[in-house]
Amino acid sequence: MIGCECAVCRSSDPRDKRLRPSALIDTDHGQSLLVDAGPDLRAQALAFGVRRVDALLFTHGHADHILGLDEIRRFNSLQKTSMPCFADDLTVREIRTVFAYAFDPATPRGGGIPQLDLFTIGGPFCIGRQEVVPVPIFHGARPLLGFRVGALAYLTDCSRIPDDSWPLLENVEVLVLDALREKRHPTHFSIEEAVAASRRIGARRTYFTHMCHDLAHAATCARLPEGIELAYDGLVVSL
Ligand SMILES: [Zn+2]
Ligand SMILES: [Zn+2]
Ligand SMILES: [Zn+2]
């Protein structure tokens with residue numbers, strides 16, 4: 001956190017240095033799906049050697065999940081194609097507003113504009129041969145989307161999982177789940193709430209994401225139940 005002198009912000013453990021939440025999913029069919037395009041997208045792609053993105057999945061339109069979208073220009077140029085982007089209706093509208101220049105025919109062309117094809121998600125869909133199942137969840141009062149891809153579920157910015165969404169999470173093996181801090185928060189799960197949701201879903205492995213600087217990596221992992229740990233930047237999980 002900017003200007004913070006707490007033990008986690010001053011920690012020398014690299015797992016305590018957290019950029020914004022995001023994930024890259026490599027499917028069995030050889031495609032790479034990027035979940036969210038936060039303000040750290042460029043730094044993350046450089047740090048972790050991301051060379052290809054076949055599609056973007058958006059959970060919602062908050063700044064920490066979309067503000068790196070302009071960086072997609074590089075993938076447009078490398079792959080010589082526009083980028084398919086999938087989001088719910090509200091998020092599509094937010095992206096069009098925040099990145100108005102990218103959708104304005106009057107903007108001069110020539111390398112400076114991301115080429116984006118926005119698709120509104122209406123239910124499960126396929127990217128190539130990979131089925132992606134949107135999982136509606138709540139972030140405070142705001143509905144947003146988690147995603148199920150095979151045995152993986154990615155649920156960030158979540159404070160409530162509605163009744164209709166639990167069946168979509170059956171037989172999930174690896175769960176990535178929002179857990180902001182110990183104290184309750186109006187728009188994010190606390191550790192206690194996230195542990196309860198993880199248990200109910202019954203995933204073999206759960207990785208918490210979107211933690212704030214209240215949570216030191218090593219000390220928090222040491223007291224989490226078996227099968228649950230904090231994710232960290234650069235973590236690779238195989239299914
Ligand atoms: Zn701090
Ligand atoms: Zn959010
Ligand atoms: Zn967020």
Side-chain angles (χ1 to χ4, degrees), residues 1-25 33-45 56-72 85-99 118 121 134-147 153-162 165 175-191 193-194 197-198 206-221 230-235:
M1 180 171 275
I2 292 171
C4 183
E5 296 290 326
C6 82
V8 176
C9 289
R10 285 185 297 111
S11 164
S12 57
D13 184 337
R15 298 168 303 178
D16 284 326
K17 305 276 177 239
R18 299 177 185 132
L19 297 176
R20 272 48 159 250
S22 183
L24 187 71
I25 303 171
L33 316 180
L34 180 63
V35 186
D36 290 333
D40 302 320
L41 191 159
R42 182 169 182 274
Q44 289 163 324
L56 266 170
L57 310 177
F58 284 98
T59 59
H60 66 308
H62 283 168
D64 54 332
H65 298 260
I66 69 167
L67 283 189
L69 192 48
D70 194 79
E71 306 296 347
I72 293 305
C85 300
F86 298 86
D88 66 16
D89 180 55
L90 173 59
T91 305
V92 164
R93 283 185 280 128
E94 287 167 334
I95 290 171
R96 283 187 176 281
T97 303
V98 174
F99 293 92
L118 292 180
I121 297 171
V135 180
I137 52 176
F138 283 90
H139 186 24
R142 179 191 172 118
L144 63 75
L145 297 178
F147 295 102
Y154 184 87
L155 308 177
T156 190
D157 295 62
C158 180
S159 55
R160 186 166 68 83
I161 300 172
S165 290
L175 172 67
V176 182
L177 185 62
D178 184 7
L180 186 74
R181 61 186 189 188
E182 294 287 353
K183 233 174 81 186
R184 295 271 172 129
H185 187 278
T187 62
H188 293 269
F189 275 153
S190 64
I191 289 274
E193 292 167 319
S198 162
T206 296
Y207 297 91
F208 287 161
T209 189
H210 219 305
M211 294 77 66
C212 82
H213 65 149
D214 289 3
L215 301 175
H217 185 92
T220 308
C221 285
L230 301 189
Y232 55 87
D233 289 24
L235 171 67

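Whatever order the structure lists them in is the order used to number ligands and atoms, beginning at 1. Residues: numbered from 1 along the sequence shown.
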Determine whether more than 12 heavy atoms belonging to other residues, nucleotides or ligands lie under 6.0 Å from atom CZ of Arg142.
-> yes
Does any N or O in the side chain of Asp88 come within less than 3.5 Å of the main-chain N or O of Thr91, such that one atom is a donor and the other an acceptor?
-> yes
Any N/O/S atom, backbone or side chain, of His62 lying under 2.8 Å from the Zn ion (ligand 3)?
-> no
Output field for angle at the Zn ion (ligand 3), His65.NE2 vs Asp64.OD2, rounded to 10°, should show 90°
Using the side chain to side chain donor-acceptor pair (under 3.5 Å) rule, pick out the option among Asp178, Asp157, Asp36 that qualifies with Thr59.
-> Asp36
Approximate separation, where rounding is to 0.5 Å, of His217 NE2 and Asp233 CG | 10.5 Å
How wide is the angle at the Zn ion (ligand 1) between SG in Cys9 and SG in Cys4, to the nearest 10°?
-> 110°
Which of the N/O/S atoms in Asp157 sits closest to the Zn ion (ligand 2)?
-> OD2
N, O or S atom of His210 closer to the Zn ion (ligand 3) than 2.8 Å = yes
What angle, in degrees and rounded to 10°, do you get at the Zn ion (ligand 1) when you join it to SG of Cys6 and to ND1 of His213?
-> 110°
Nearest non-hydrogen partners of Ala218 and Asp13, listed with the distance | CB-OD2, 4.3 Å
